Amino acid sequence: MWTIPKLFSSDFSFVPYPGQVEYSFPIAVRSTGAGLVDEYYRFEVDTERTTAEALMYEVPEKSVMRAGQEVDTCWIKLKYVAPMDTAKV
């Protein structure tokens, strides 16, 4: 399994999704070439750099770059909490 030390940042708002408390956020992952077998990797949140609390997201234990794909998607589950109504996280 690979851990990729790359910084990623994005903005998201639950405003367009009234009443929704979770959202599956897609992150495109690009490989340097299409592999012949599935390759597993994981994302980690740098807790020293993020303003989001751990209860606001769920990162999968491992994700897969499917064989034959140069681009695949990792899904991060975002979770609504009330402070998001008044502050950017």
Side-chain angles (χ1 to χ4, degrees):
M1 185 178 322
W2 300 11
T3 300
I4 304 167
K6 175 122 175 141
L7 298 178
F8 175 82
S9 181
S10 186
D11 290 329
F12 175 81
S13 175
F14 277 95
V15 170
Y17 309 98
Q20 193 165 334
V21 296
E22 292 185 348
Y23 182 84
S24 291
F25 187 81
I27 297 176
V29 178
R30 181 174 301 277
S31 176
T32 56
L36 299 175
V37 297
D38 289 350
E39 294 284 344
Y40 293 90
Y41 62 92
R42 67 186 175 122
F43 279 95
E44 292 181 349
V45 176
D46 186 342
T47 57
E48 293 180 12
R49 294 182 140 194
T50 185
T51 57
E53 298 175 33
L55 59 94
M56 297 176 178
Y57 57 86
E58 186 176 312
V59 178
E61 284 292 317
K62 66 179 178 179
S63 297
V64 63
M65 174 69 72
R66 294 170 291 166
Q69 302 293 312
E70 290 186 29
V71 178
D72 214 332
T73 304
C74 176
W75 297 89
I76 307 299
K77 187 182 294 184
L78 304 179
K79 300 177 180 185
Y80 172 80
V81 293
M84 292 176 174
D85 289 338
T86 57
K88 186 174 180 177
V89 179

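Values reported hereafter were calculated over all heavy atoms of this structure, with side chains retained and with hydrogens, waters and symmetry mates removed. Given the structure is predicted, the values throughout are model-derived calculations rather than measurements.
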Steps toward side-chain contact (heavy atoms from CB on, under 4.5 Å) verdict (E39, V37)
CA-CA 6 Å; E39 294 284 344; V37 297; 3.8 Å; yes
Report whether V15 and L78 are members of the same hydrophobic cluster (ILVMFWY, side-chain heavy atoms less than 4.5 Å apart, transitive linking).
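No, because V15 and L78 fall into different hydrophobic clusters, even though each may have its own neighbours under 4.5 Å.
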field: Hphob cluster co-occupancy, F43 + V71, side-chain heavy atoms under 4.5 angstrom
entry: no
Heavy-atom closest pair (M65 atom, Y41 atom, distance to 0.1 Å) is N-CE2, 3.7 Å
Here the pair of heavy atoms bringing C74 nearest to S63 is SG-OG, 3.2 Å
Output all residues satisfying side chain to side chain contact (heavy atoms under 4.5 Å, CB included) with [X], sequence neighbours left out; order by chain, then residue number.
X   : result
V45 : T50, Y57, V59
V64 : D38, Y40, R66
L36 : none

Separation between CE (M84) and CZ (F12), nearest 0.5 Å, reads 8.5 Å
Interatomic distance, E53 atom CD to T51 atom OG1 [nearest 0.5 angstrom]: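 It is 9.5 Å, given to the nearest 0.5 Å.
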**Prompt:** Tell me, which pairs form a side-chain hydrogen bond (donor to acceptor under 3.5 Å, both in side chains) where one or both residues lie in residues 74-83, sequence neighbours left out?
**Reply:**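 Every side-chain hydrogen bond (donor to acceptor under 3.5 Å, both in side chains) pair that includes a residue of residues 74-83, provided the two are not neighbours, is E58-K79, Y80-D85.
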Here the side-chain hydrogen bond (donor to acceptor under 3.5 Å, both in side chains) pairs for residues 15-31, sequence neighbours left out, are none
